[in-house]
2 protein chains.
Amino acid sequence: MARKTKAEAAATREALLEAAEEVFFAKGVARTSLEQIARHAGLTRGAVYWHFKNKGDLFMALVEQVRMPFQSLMDEVDKADAELSPLESIRLACHAGLVRLEQPSYQRILSILLHRCEFFSDINPLDMQEQIGNECFEEMLNVFVLAEQQQLLREDLSPEIATRLMQSMLGGLFHDWLRNPGAFSIRERGGELIDTSIRMMQR
Amino acid sequence: MARKTKAEAAATREALLEAAEEVFFAKGVARTSLEQIARHAGLTRGAVYWHFKNKGDLFMALVEQVRMPFQSLMDEVDKADAELSPLESIRLACHAGLVRLEQPSYQRILSILLHRCEFFSDINPLDMQEQIGNECFEEMLNVFVLAEQQQLLREDLSPEIATRLMQSMLGGLFHDWLRNPGAFSIRERGGELIDTSIRMMQR
DNA sequence: GAACATTTACATTCAAAACTGTATGGTTAA
DNA sequence: TTAACCATACAGTTTTGAATGTAAATGTTC
């Protein structure tokens, strides 16, 4: 095969990732072969083995794209309005997270990670799930601590429990929704749950 | 091989299910072969193909064991004390659910269903997850409606939203915990979340 | 800047392993 | 005697990783 330019090579790498995303989503990770991915991208397994070490490596590269730290959502909100109360900031940041979920690619990769893959030879998707969750937890906790310092939280609610409540609720919601995104609107139902949660939490 | 008595045959069927449970849990469903399951039970693939049609059939038989309708938890609570307020009934039923999760077999099968299996040829674990969730939802909703009729719920909280909040929160909690049951005590953390949720929900 | 050498970016081919489903065989409970 | 219960043997497919081929892009030298 003729050698491609660096830009073309990068493009085929992207094409492989996109193909993997689609086939993984459609058939699950375990039941898709590298052959199928390559063909779906109009290439052969040679290309796959050139750009990635193996299936696990390809999977890792795919999931690397979905890091959604809570911090960036907060920044997004703070930039729009710097004078928000901590609870309102959390509320809006959660809403911003829902908006991001409307991006189809984002949706598919998250769905693959949560519902369409198992163990791997040396890859453990559960660890990735946990890592992403922990990052968000730490960042949200800081804001809830701020809310408590300003005496905005109910007296019988600690920042730790508040954070866990939000995390678990959102996590469960995402799981349910990604299982069947057509069943209901995530912005609508998620928005309701977020708003009522925050409302119940404030003093 | 010599023919076994009916009781012995039933015992080997159970042994196969138990072996499947352990190997599925340890290696994930996709990456375990029927050979491995049979050997782990001290048998051969012949036994597997006699008792089950194929891997999907074996998987179905395994998951059939974990139906946990919310109703049975409520009954369990009602039997202990018939004069409970609806909110207290829900609270105790959720606690009872946490207790059931301590049963190792229960834990493993649920973990397989949630985290250790993908699609199948004709089996879709996501449908099972959804079905189990929906059953619990309907039953819990009824009790929350009762709570509203007795004016025990916050005025700004509908029974539907209350139910969804509890469901999502518990679902997210289970997912997190089953990912790594050693990380924290489900009864402790789950108990906290349940209690605070109910407390925040009441008028 | 032209000629040459070297990599790159894949396609193609090959051997090996793993897994499945079925078919067959043997023994004993019914 | 029959057929349940399971072991064993067999054929077939699928997938993987590595080896090999190759033409163009890139680097190097003068």
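In what follows, chains carry the letters A, B, and so on, assigned in the order in which the sequence lines appear, proteins first and then strands, with residues in each chain numbered from 1. These values consider heavy atoms only, across backbone and side chains, with no hydrogens, waters or symmetry-generated copies.
The separation between A/L43 atom CG and C/dT12 atom P is 11 Å, rounded to whole Å. Atom CG in B/L16 sits about 13 Å away from atom P in D/dC5, given to the nearest Å. When the P atom of C/dT8 is taken as reference, atom CZ of A/R13 falls 16 Å away, rounded to whole Å. The distance between atom CD of A/E8 and atom C1' of D/dT26, rounded to the nearest whole Å, is 14 Å. Rounded to an integer number of Å, the gap from B/K55 NZ to C/dG21 C1' is 14 Å. Nucleotide D/dT15 holds its P atom 10 Å from the CZ atom of A/R45, rounded to whole Å. In this structure, the NZ atom of B/K4 is 8 Å from the C1' atom of D/dC5, given to the nearest Å. Between the C1' atom of D/dT8 and the OH atom of B/Y49 lies a distance of 14 Å, rounded to the nearest Å.
Residues that satisfy the side chain to side chain contact (heavy atoms under 4.5 Å, CB included) test with B/A30, not counting sequence neighbours, are A/A30, A/E118. In this structure, B/R116 has no salt bridge (charged side-chain N to carboxylate O under 4.0 Å, His left out) partners at least two apart in sequence or on a different chain.
Of the candidate nucleotides C/dC10, D/dG17, D/dA7, D/dA7 has the atom lying nearest to any side-chain atom of B/T44. Of the candidates D/dT26, D/dG17, D/dC5, D/dG17 carries the atom nearest the A/N54 side chain, counting heavy atoms from C-beta on. Distances were taken from every side-chain heavy atom of A/K6 (C-beta onward) to each of C/dG21, D/dC6, C/dA9; the shortest belongs to C/dA9. Comparing D/dC5, C/dT22, D/dA25 against the side chain of B/W50 picks out D/dC5 as the nearest. With C/dA30, D/dC6, C/dC10 as the candidates, the nucleotide lying closest to the side chain of B/H51 is D/dC6.
At D/dC5, none of the side-chain N or O atoms of B/T12 fall inside 4.0 Å of OP1 or OP2 (strictly under the cut-off).
Closest-nucleotide positions on DNA chain C for B/T5 and B/G46 were compared, and the one nearer the 5' end corresponds to B/G46.
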Next on the checklist: Under the criterion side chain to side chain donor-acceptor pair (under 3.5 Å), I'd like the reasoning laid out for B/D57 against B/H51: C-alpha separation, chi angles, the key distance, then a yes or no.
Outcome noted: CA-CA 9 Å; B/D57 190 37; B/H51 287 283; over 6 Å; no

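At a threshold of 4.0 Å, the pair B/E76-B/R100 counts as salt-bridged, since one of the basic side-chain nitrogens sits closer than that to a carboxylate oxygen. A salt bridge does not link A/R179 to B/E130: none of the charged nitrogens lies less than 4.0 Å from a carboxylate oxygen. Here B/E192 does not pair with B/R189 in a salt bridge; the nearest charged N to carboxylate O distance is not below 4.0 Å.
Taking the six-membered ring where tryptophan is involved, the planes of B/H115 and A/H175 are perpendicular, since the angle between them exceeds 60° and thus also 30°.
Of all the residues in residues 32-41 of chain B, B/S33, B/L34, B/Q36 reach under 4.0 Å from DNA chain C with at least one non-hydrogen atom.
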